[in-house]
Amino acid sequence: MATLKDATAIVGIGQTPFAKQLPESEKALACRAIVAALEDAGIAPSEVDGFASYTMEETDEVEVAKAIGAGDVTFFSKIGYGGGGSCATVGHLASAIATGQANVGIAWRSRKRGSGPRPWKNTAVQLPTPGQWTRPFGLLRPADEIGLLARRYMHEYGATRDHLFNVALACRNRANQNPAAMMYERPMTRDSYMTSRWISDPLCLFDNCLETDGALACVIVSAERARDCRQKPVYVHSAAQGLPAQHHGMVNYWNDDPLTGPAWTAARHLWKQADFGPEDVDVAQIYDAFTPLIPLSLEGYGFCGRGEGASYTEGGALEIGGRLPINTSGGGLSEAYVHGFNLITEGVKQLRGVSTAQVPNAATCLVTAGEGVPTSAILLRS
């Protein structure tokens with residue numbers, strides 16, 4: 001069976017500063033990140049002929065291509081479901097390049113969530129079908145929906161707020177090592193976590209991701225071309241998307257088991273095409289819009305058994321030197337929330353050996369997109 005295994009590589013990454021409010025437009029931020037990624041790779045903008053981003057991306061490939069000076073574009077793609085699309089942008093470009101539809105691909109995400117409106121504030125827009133079954137009954141925000149799942153998880157498996165604190169602390173500790181992180185000089189303690197204000201029971205302030213302005217991008221080429229680029233190649237070893245049967249989105253009402261989310265579907269395909277398994281992953285960048293997504297993803301991607309994700313976080317397991325160091329830039333909880341794209345660039349940094357919280361001799365990395373919505377994941381290797 002034909003696979004994408006190591007046929008392509010990420011050879012350039014770029015990002016803007018992260019802040020609660022940046023003055024530039026989303027288009028300007030996107031172009032700055034893309035040009036920085038191309039410079040990192042040593043590739044001219046005129047060579048770019050493939051683009052991939054999110055359906056929620058406000059900038060489009062037509063305007064971006066003109067602004068950066070791209071040549072003729074032969075492949076472009078947009079992935080749905082918000083944060084669930086992050087890794088799929090890389091997967092789509094890897095597929096296009098491996099099959100000859102493009103030669104130099106750019107994936108990006110630009111967002112002004114810190115200074116912009118919250119998506120659910122517009123009540124004049126007709127609700128999609130899932131929202132008609134949730135929002136009239138008080139589940140207005142993603143935090144409310146994930147809070148409901150978290151309470152179900154606590155009830156069924158004995159997870160506690162201390163387990164969620166373990167996740168938040170691991171991400172904050174890594175952000176405290178990362179000068180680019182919004183939470184760089186803001187350490188967290190158990191007391192500050194436990195006494196922070198509620199957002200949606202059982203989720204407190206520090207169980208929720210940041211609200212950030214910023215943009216990131218990466219450059220993907222064939223493995224052959226990658227050998228001649230400026231940076232050490234980071235190979236796309238496997239890529240997958242996941243949409244389980246009878247999926248409802250976030251709350252998963254119609255699924256036989258609400259706690260078996262899209263990660264389980266994506267993981268089966270991801271590992272099937274890989275030469276290594278969860279036990280061989282040196283570092284993971286796991287989508288962390290909310291702390292409960294980490295234990296749910298640990299289970300879905302096979303790092304532990306069903307119901308064991310919470311206890312897996314104990315004893316510093318998620319810290320550097322632990323069983324599975326995660327989100328080594330600080331992730332969405334403590335570096336920046338740009339729909340998970342910083343998890344991709346941090347995975348590349350780890351395998352280049354240049355992270356601010358470097359895992360010694362890291363050679364394999366799992367990157368995941370949003371759990372709870374139709375999702376995606378990639379395995380990277382050096």
Side-chain angles (χ1 to χ4, degrees), residues 4 8 10 12-16 18 26 29-30 33-34 37 50-59 61 76-95 105-111 113 119 142 171 209-210 212 214-220 234 236-243 249-250 261-263 265-267 269-270 283-290 293-294 296-297 300-301 326-333 335-350 365-380:
L4 295 178
T8 63
I10 299 174
I13 54 175
Q15 67 186 53
T16 68
F18 303 128
E26 288 184 346
L29 293 171
I34 289 169
F51 288 99
S53 193
Y54 305 55
T55 58
M56 293 182 72
E57 175 65 37
E58 294 293 331
T59 61
E61 56 276 345
F76 40 93
S77 172
K78 289 204 171 185
I79 320 299
Y81 308 104
S86 60
C87 294
T89 63
V90 174
H92 281 212
L93 284 174
S95 298
I106 289 285
W108 86 97
R109 181 71 169 113
S110 178
R111 200 175 191 207
R113 171 60 187 275
C171 293
C209 62
L210 300 169
T212 308
L216 305 102
C218 68
V219 182
I220 303 168
V234 172
V236 181
H237 184 71
S238 181
Q241 291 179 265
L243 168 56
M250 302 293 273
T265 302
H269 190 61
L270 187 76
V283 59
Q285 314 297 333
I286 299 177
Y287 195 89
D288 60 339
F290 307 97
L293 300 185
I294 299 295
L296 290 172
S297 296
Y301 286 97
I326 68 161
N327 301 9
T328 45
S329 67
L333 289 167
E335 182 190 29
Y337 183 67
V338 193
H339 261 156
F341 211 99
N342 53 323
L343 300 176
I344 298 171
T345 55
E346 175 61 16
V348 173
K349 291 174 186 177
Q350 279 289 339
C365 180
L366 167 69
V367 186
T368 75
E371 172 62 332
V373 294
T375 194
S376 54
I378 51 175
L379 289 172
L380 303 176

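No hydrogens, no waters, no symmetry mates; every other heavy atom, side chains included, goes into these values.
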Check: G84 main-chain N/O paired with S376 side-chain donor or acceptor under 3.5 Å: yes
Which residues share a side chain to side chain donor-acceptor pair (under 3.5 Å) with S329, sequence neighbours left out: E335
Residues N327, L343; criterion side-chain contact (heavy atoms from CB on, under 4.5 Å); working and verdict: CA-CA 7 Å; N327 301 9; L343 300 176; 4.1 Å; yes
Pair T328-Q285, side-chain donor/acceptor within less than 3.5 Å: yes
Euclidean distance, I10 CD1 relative to I378 CD1, rounded to 0.5 Å: 5.0 Å
Minimum-distance pair of heavy atoms, taken over all atoms of T345 and A217: CG2-O, 4.0 Å
L270 and L366, any side-chain heavy atoms less than 4.5 Å apart: yes
Counterpart residues, side-chain contact (heavy atoms from CB on, under 4.5 Å), relative to A266 (two or more places apart): Y301, T375
Minimum side-chain heavy-atom gap V90-V236 below 4.5 Å: yes
Results of side-chain contact (heavy atoms from CB on, under 4.5 Å) for S86 - residues two or more places apart only: Y54, I344, A369
Value rounded to 0.5 Å, distance of CD in E346 from CZ in F341: 13.5 Å
Spatial distance of atom CG (L293) from atom CD (E371) [nearest 0.5 Å]: 7.0 Å
With L210 via side-chain contact (heavy atoms from CB on, under 4.5 Å) - residues at least two apart: M182, M183, T212
Distance (rounded to the nearest 0.5 Å) between C365 SG and I326 CD1: 11.5 Å
Separation of I79 CD1 from T55 OG1 (nearest 0.5 Å): 8.5 Å
Y337: partners by ring-ring contact (aromatic ring centres under 6.0 Å, His included), with sequence neighbours left out: H339
Value rounded to 0.5 Å, distance of CD1 in I294 from OH in Y287: 11.0 Å
Chi angles and distances behind the side-chain contact (heavy atoms from CB on, under 4.5 Å) call for L333, F290: CA-CA 7 Å; L333 289 167; F290 307 97; over 6 Å; no
E57 bridged to R109 by N-O distance under 4.0 Å: yes
T16 (side chain) donor-acceptor with A33 (main chain) under 3.5 angstrom: no
Which residues share a salt bridge (charged side-chain N to carboxylate O under 4.0 Å, His left out) with E26, sequence neighbours left out: none
Intermediate values then yes/no, side-chain contact (heavy atoms from CB on, under 4.5 Å), C171 and D288: CA-CA 9 Å; C171 293; D288 60 339; 3.6 Å; yes
